[in-house]
Amino acid sequence: MPPGPARSLTVDGIAAAAVELADAGGLDAVTMRSVARAVGSSAPGLYRYVASREELVGHMVDRVSADLDHPTPSAAWLEDLLVVTERQVALHRAHPWLAAASAVPAPLGPHALDHLEWGLRVLAPVEVPARAKMEAIAMTNGIAALFAASGPVSPSLFRYLAADRHPELAALAAKADPGEGSDDLLRRVLTGVVRAVLNPNDQ
């Protein structure tokens, strides 16, 4: 009779080890073999707990999603969305593999579902179809991933800017407000996109 699974192993513990590997080496560093080594097991042994790498990645996403703090929904639904989107940006920067992992086809875990539930509660006062609300929540997730990946704009980005060749860009750069940061840009992008999704006729 083959030995049973090691009692010290749990799905959450396996996911935690996988998160550590991804934080150090990206999502490609997470294989069933590498995770098995990290938890002191064998790759076949992990399949007693997770059916596939895709399922494991889903558990990873859910584990880090537990760190996303959601405020109690208020009447200011747009501000609520902005607050959580800012926190999502920080979460993505802490785990740069998260955007790619979220695209892996896997069932949504309880913490990921908590985020969707919170979003629907926040948007409850908005009289639009549920489909539009789900699209708005999805857009906030995408915006967070985009802003996390882009990071702050470095002055060296425009080192080759020449006024005679790029007059429009040069004029824009000359008028740029040095005090205007990414937080303001995130607010403007989120506000415009979410309002457009929830009310496409109000342009």
Side-chain angles (χ1 to χ4, degrees), residues 11-12 15-16 18-19 22-23 26-27 30 50-153 177 180-203:
V11 172
D12 188 59
V19 167
D23 285 347
L27 194 59
V30 178
V50 291
S52 64
R53 180 180 182 272
E54 289 74 20
E55 182 180 317
L56 173 57
V57 171
H59 288 302
M60 293 168 60
V61 171
D62 200 62
R63 180 175 175 80
V64 300
S65 296
D67 295 333
L68 187 61
D69 187 31
H70 296 85
T72 301
S74 69
W77 57 266
L78 188 57
E79 286 298 316
D80 289 345
L81 290 179
L82 179 63
V83 166
V84 171
T85 303
E86 290 173 338
R87 293 174 182 175
Q88 284 180 293
V89 171
L91 188 67
H92 276 273
R93 287 179 176 164
H95 306 286
W97 51 268
L98 183 54
S102 298
V104 173
L108 295 176
H111 294 106
L113 292 172
D114 287 345
H115 175 67
L116 295 179
E117 176 70 17
W118 176 86
L120 291 175
R121 287 174 58 202
V122 164
L123 294 175
V126 184
E127 296 182 358
V128 297
R131 175 183 57 80
K133 295 180 181 181
M134 291 294 288
E135 289 172 352
I137 296 170
M139 292 304 297
T140 63
N141 296 341
I143 289 169
L146 176 65
F147 272 74
S150 61
V153 176
D177 180 1
E180 184 180 46
S182 60
D183 290 344
D184 181 72
L185 179 59
L186 175 61
R187 174 180 292 272
R188 287 189 283 113
V189 169
L190 181 78
T191 299
V193 170
V194 169
R195 288 195 180 280
V197 170
L198 295 179
N199 192 359
N201 295 322
D202 184 19
Q203 299 295 324

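Sequential numbering from 1 along the given sequence is applied to the chain's residues.
- Under the side chain to side chain contact (heavy atoms under 4.5 Å, CB included) criterion, D67 pairs with L91, sequence neighbours left out.
- Looking only at distances, a side-chain donor or acceptor of W118 sits under 3.5 Å from a matching main-chain atom of P71.
- Every residue two or more places apart in sequence or in another chain that forms a side chain to side chain contact (heavy atoms under 4.5 Å, CB included) with E55 is listed here: V50, A51, S52, H59.
- Listed here is the closest heavy atom pair of V197 and A132: CG1-O, 3.6 Å.
- Using a 4.5 Å cut-off on side-chain heavy atoms (C-beta onward), L120 and M134 make contact.
- Only one option out of L81, V84, I137 pairs with V122 in a side chain to side chain contact (heavy atoms under 4.5 Å, CB included); it is L81.
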Requested in this report: Please test R195 against N199 for side-chain contact (heavy atoms from CB on, under 4.5 Å), starting from the C-alpha separation and ending with a verdict.
Outcome: CA-CA 6 Å; R195 288 195 180 280; N199 192 359; over 6 Å; no

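- Residues L186 and I143 share a closest heavy-atom pair of CD1-CG2, 3.6 Å.
- Pairs of residues two or more places apart, or lying in two chains, never qualify as ring-ring contact (aromatic ring centres under 6.0 Å, His included) while including a residue from residues 119-140.
- Taking every heavy atom of both residues into account, M60 and A15 meet most closely at CG-O, 4.1 Å.
- Between the NE2 atom in H111 and the CG atom in L68 there is a gap of 10.5 Å [rounded to 0.5 Å].
- Counting all heavy atoms, side chain and backbone alike, A112 lies closest to D62 at N-OD1, 2.9 Å.
- Sorted by first and then second residue, the salt bridge (Lys or Arg N to Asp or Glu O under 4.0 Å) pairs with a member in residues 103-124 form an empty list; sequence neighbours excluded.
- Scanning for salt bridge (Lys or Arg N to Asp or Glu O under 4.0 Å) contacts around D23 gives an empty result, with sequence neighbours left out.
- Under the salt bridge (Lys or Arg N to Asp or Glu O under 4.0 Å) criterion, R87 pairs with D69, sequence neighbours left out.
- Partners of A101 by side chain to side chain contact (heavy atoms under 4.5 Å, CB included), not counting sequence neighbours, listed by chain and number: L27, V57, V61, W97.
- Counting only heavy atoms from C-beta outward, the side chains of V189 and L146 never approach each other to under 4.5 Å.
- Nearest heavy atom pair, residue A145 against residue H92, reads CB-CE1, 3.8 Å.
- Residues V30 and R53 approach most closely at O-NE, 2.6 Å, considering heavy atoms.
- Distance alone, capped at 3.5 Å, is enough to place a donor-acceptor pair between the S150 side chain and the F147 backbone.
- Under the salt bridge (Lys or Arg N to Asp or Glu O under 4.0 Å) criterion, the residue pairs touching residues 74-85 are E79-R187, with sequence neighbours excluded.
- Identified under the side-chain hydrogen bond (donor to acceptor under 3.5 Å, both in side chains) test for residues 129-149, with sequence neighbours left out: Q88-N141, H115-N141, R131-E135.
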